[in-house]
Amino acid sequence: MCMNRIVADPPLSEAELAELVEHYGSVDAILEKLRRFGQASSRLNEAWPVLMQKYPDKWVSMDADGELTVADSLEDLVAAHVARGIHSGGLPWKFLDTSPTSLVL
Amino acid sequence: MIVGSFEEEGRPYVKAELFLPRLKISASVNFLVDTGSDNTILHPFDIALAGIRVADLQGDPKSTRGVGGPADAFPEIARLLFEDADGITPYFYRIEIDIAKPDAHNQYLPSLLGRDILDCWFTECDPTNGLLQFTVRRTL
């Protein structure tokens, strides 16, 4: 699938395209990654009320197939991903905070 | 049209693929939409999940300030890609993202999508109807 359907202004240079291809393989791969991240995020959001009850104050992530990872800390969550051979940077996460504070950002 | 979502606290989020060409690191990030932030910023959780090592960040950190007080961040050349609702069109943004220096106050913060990106979009935000969508006016 050609790379020039990426909407960018100015259009991507050859060097920029090469950079993306080297890292991702194709535009479709980028979109597929985003799509799966979106699916995983939706699943995690839907499961959140149950997860809050079941795993209070734990760190969780979920993949697009609904597979859940639970850990006591962010470091443990990343380690669990590594142990499964997956990159944490492709998974949505939540801290199931039983004492949430308001955010002012 | 880029579609966002309201997460369980009702906060507005939009998903993006982040690529840092110098570090050759990428991550899918759920950014909190924040019109109060001048710049897009990556906070410690997402930094850790992306596998970014703070020791690999270059240069002197710049100072930022917010309601929580001053904070330091490392600017890093970044590419952000957002998926159109049609599922086949990616929008590409070249920005300098702020990578927050972890401190006692930012550990639990979501990463923020700031006005460096948001000013390129027409934003429709109607939490009463679960509507959060962005019409792309320009890319960078």
Side-chain angles (χ1 to χ4, degrees), chain A residues 1 3 5-13 15-20 22-24 27-42 44-49 51-52 59 61 73-75 77-78 81-82 87-97 100-105, chain B residues 3 5-9 11 13-22 24-30 32-37 41 43-52 66-68 79 81-84 86-94 106-110 112 114 120 136 138-140:
Chain A
M1 189 71 69
M3 299 290 274
R5 62 187 167 93
I6 296 177
V7 178
D9 185 19
L12 267 67
S13 66
E16 286 174 321
L17 288 177
E19 221 170 36
L20 289 178
E22 183 185 7
H23 190 80
Y24 289 101
V27 172
D28 286 341
I30 300 172
L31 292 175
E32 179 61 19
K33 190 167 184 252
L34 265 174
R35 197 167 302 129
R36 289 188 64 79
F37 185 72
Q39 289 169 349
S41 296
S42 294
L44 188 55
N45 283 336
E46 285 167 17
W48 176 75
L51 295 177
M52 278 292 293
W59 296 83
S61 69
S73 69
L74 183 64
E75 292 74 20
L77 192 68
V78 173
H81 294 155
V82 169
H87 182 231
S88 297
L91 296 177
W93 56 271
K94 288 193 187 299
F95 174 62
L96 303 177
D97 193 351
T101 53
S102 295
L103 281 187
V104 181
L105 300 172
Chain B
V3 177
S5 61
F6 297 100
E7 304 281 298
E8 65 280 357
E9 309 95 338
R11 297 176 185 138
Y13 284 87
V14 67
K15 297 167 189 49
E17 181 67 14
L18 169 70
F19 176 54
L20 303 175
R22 184 181 66 84
K24 297 194 187 330
I25 283 175
S26 65
S28 304
V29 181
N30 218 7
L32 178 68
V33 177
D34 188 2
T35 57
S37 183
I41 184 163
H43 275 135
F45 288 167
D46 290 307
I47 292 170
L49 289 168
I52 298 167
V67 292
R79 314 294 186 225
L81 293 105
F82 299 86
E83 181 189 27
D84 189 279
D86 65 11
I88 60 173
T89 305
Y91 298 101
F92 185 87
Y93 290 85
R94 305 167 176 93
N106 65 13
Q107 291 292 324
Y108 291 88
L109 298 181
L112 307 178
C120 299
V136 175
R138 59 191 171 101
T139 51
L140 298 173

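Reminder, nothing fancy here: chain letters follow the sequence lines and each chain counts from 1.
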A.B. asks: Taking all atoms of both residues into account, what is the closest heavy-atom pair of B/Thr139 and A/Val7, and its distance?
C.D. replies: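 Smallest interatomic distance, heavy atoms only, reads CG2-O, 3.5 Å.
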A.B. asks: Does any non-hydrogen side-chain atom of A/Leu105 lie less than 4.5 Å from one of B/Pro110?
C.D. replies: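 Of all side-chain heavy-atom pairs linking A/Leu105 with B/Pro110, at least one is under 4.5 Å.
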A.B. asks: Please work out which of the three classes, parallel, tilted or perpendicular, describes the rings of B/Phe19 and A/His23, given edges at 30° and 60°.
C.D. replies: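 A/His23 and B/Phe19: tilted rings.
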A.B. asks: Identify which of B/Asn30, B/Ile52, B/Thr89, B/Ile88 forms the greatest number of heavy-atom pairs closer than 4.5 Å to chain A.
C.D. replies: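 Looking at each of B/Asn30, B/Ile52, B/Thr89, B/Ile88 in turn, B/Ile88 comes out on top.
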A.B. asks: Do you know which of A/Asn45, A/Asp97, A/Leu91 has the most heavy-atom pairs with chain B at a distance under 4.5 angstrom?
C.D. replies: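 Option with the greatest count: A/Asn45.
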A.B. asks: Less than 4.5 Å to any heavy atom of chain A: does that hold for the side chain of B/Ser26, its backbone, both, or neither?
C.D. replies: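 Interface part for B/Ser26: both.
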A.B. asks: Non-hydrogen atoms of chain A under 4.5 Å away: do they reach the side chain of B/Leu112, the backbone, both or neither?
C.D. replies: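 Side chain of B/Leu112 only, per the 4.5 Å heavy-atom cut-off to chain A.
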A.B. asks: I need the residue from B/Val29, B/Leu32, B/Val136 with the largest number of non-hydrogen atom pairs under 4.5 Å to chain A.
C.D. replies: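 Most heavy-atom pairs under 4.5 Å with chain A: B/Val29.
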A.B. asks: Report which part of B/Tyr13 has an atom under 4.5 Å of a heavy atom belonging to chain A: side chain, backbone, both, or neither.
C.D. replies: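 Contact with chain A: none, neither part.
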A.B. asks: Could you check if a side-chain atom of A/Arg36 sits within less than 4.5 angstrom of a side-chain atom of B/Ser28, using non-hydrogen atoms only?
C.D. replies: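 Of all side-chain heavy-atom pairs linking B/Ser28 with A/Arg36, none is under 4.5 Å.
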A.B. asks: For the candidates A/Leu31, A/Leu77, A/Val78, which exhibits the highest count of non-hydrogen atom pairs separated by less than 4.5 Å from chain B?
C.D. replies: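 When all of A/Leu31, A/Leu77, A/Val78 are compared, A/Leu31 has the most.
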A.B. asks: Check whether A/Thr101 gets within reach of chain B through its side chain, its backbone, both or neither, counting any heavy atom under 4.5 Å.
C.D. replies: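 Only the backbone of A/Thr101 comes within 4.5 Å of chain B.
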A.B. asks: For the pair B/Phe82 and B/Tyr93, name the ring-plane relationship: parallel under 30°, tilted 30 to 60°, perpendicular over 60°.
C.D. replies: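 Geometry flag for B/Tyr93 against B/Phe82: perpendicular rings.
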A.B. asks: Between A/Glu75, A/Glu22, A/His81, A/Lys94, who has the most heavy-atom pairs with chain B when the cutoff is under 4.5 Å?
C.D. replies: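 Of the candidates given, the most pairs with chain B belong to A/Lys94.
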A.B. asks: So what's closer than 4.5 Å to chain B heavy atoms on A/Glu16: side chain, backbone, both or neither?
C.D. replies: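 The side chain, not the backbone.
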A.B. asks: Walk me through it: do A/Arg35 and A/Asp28 pass the test salt bridge (Lys or Arg N to Asp or Glu O under 4.0 Å)?
C.D. replies: CA-CA 10 Å; A/Arg35 197 167 302 129; A/Asp28 286 341; over 6 Å; no
A.B. asks: Quick check on the interface: out of A/Gly38, A/Pro10, A/Pro100, who has the most heavy-atom pairs with chain B under 4.5 Å?
C.D. replies: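 Most pairs with chain B among the choices: A/Pro10.
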A.B. asks: May I ask you to test the A/Leu12-B/Arg94 pair for a side-chain heavy-atom distance under 4.5 Å?
C.D. replies: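 The answer is yes; the side chains approach within 4.5 Å.
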A.B. asks: With a 4.5 Å cut-off on side-chain heavy atoms, are B/Phe45 and B/Leu109 touching?
C.D. replies: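 With C-beta onward as the side chain, the pair stays apart.
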A.B. asks: Just checking, any donor-acceptor pair under 3.5 angstrom between side chains of A/Trp93 and B/Asp46?
C.D. replies: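 Yes, a side-chain donor-acceptor pair sits under 3.5 Å.
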A.B. asks: With only heavy atoms counted, which part of B/Asp34 is less than 4.5 Å from chain A, the side chain, the backbone, both or neither?
C.D. replies: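 Side chain only.
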A.B. asks: Measure A/Leu74 against the heavy atoms of chain B and call it side chain, backbone, both or neither at under 4.5 Å.
C.D. replies: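 Only the side chain of A/Leu74 comes within 4.5 Å of chain B.
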A.B. asks: Specify which of B/Glu83, B/Glu17, B/Arg138 makes the most heavy-atom pairs with chain A at under 4.5 Å.
C.D. replies: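 The option with the most such pairs is B/Glu17.
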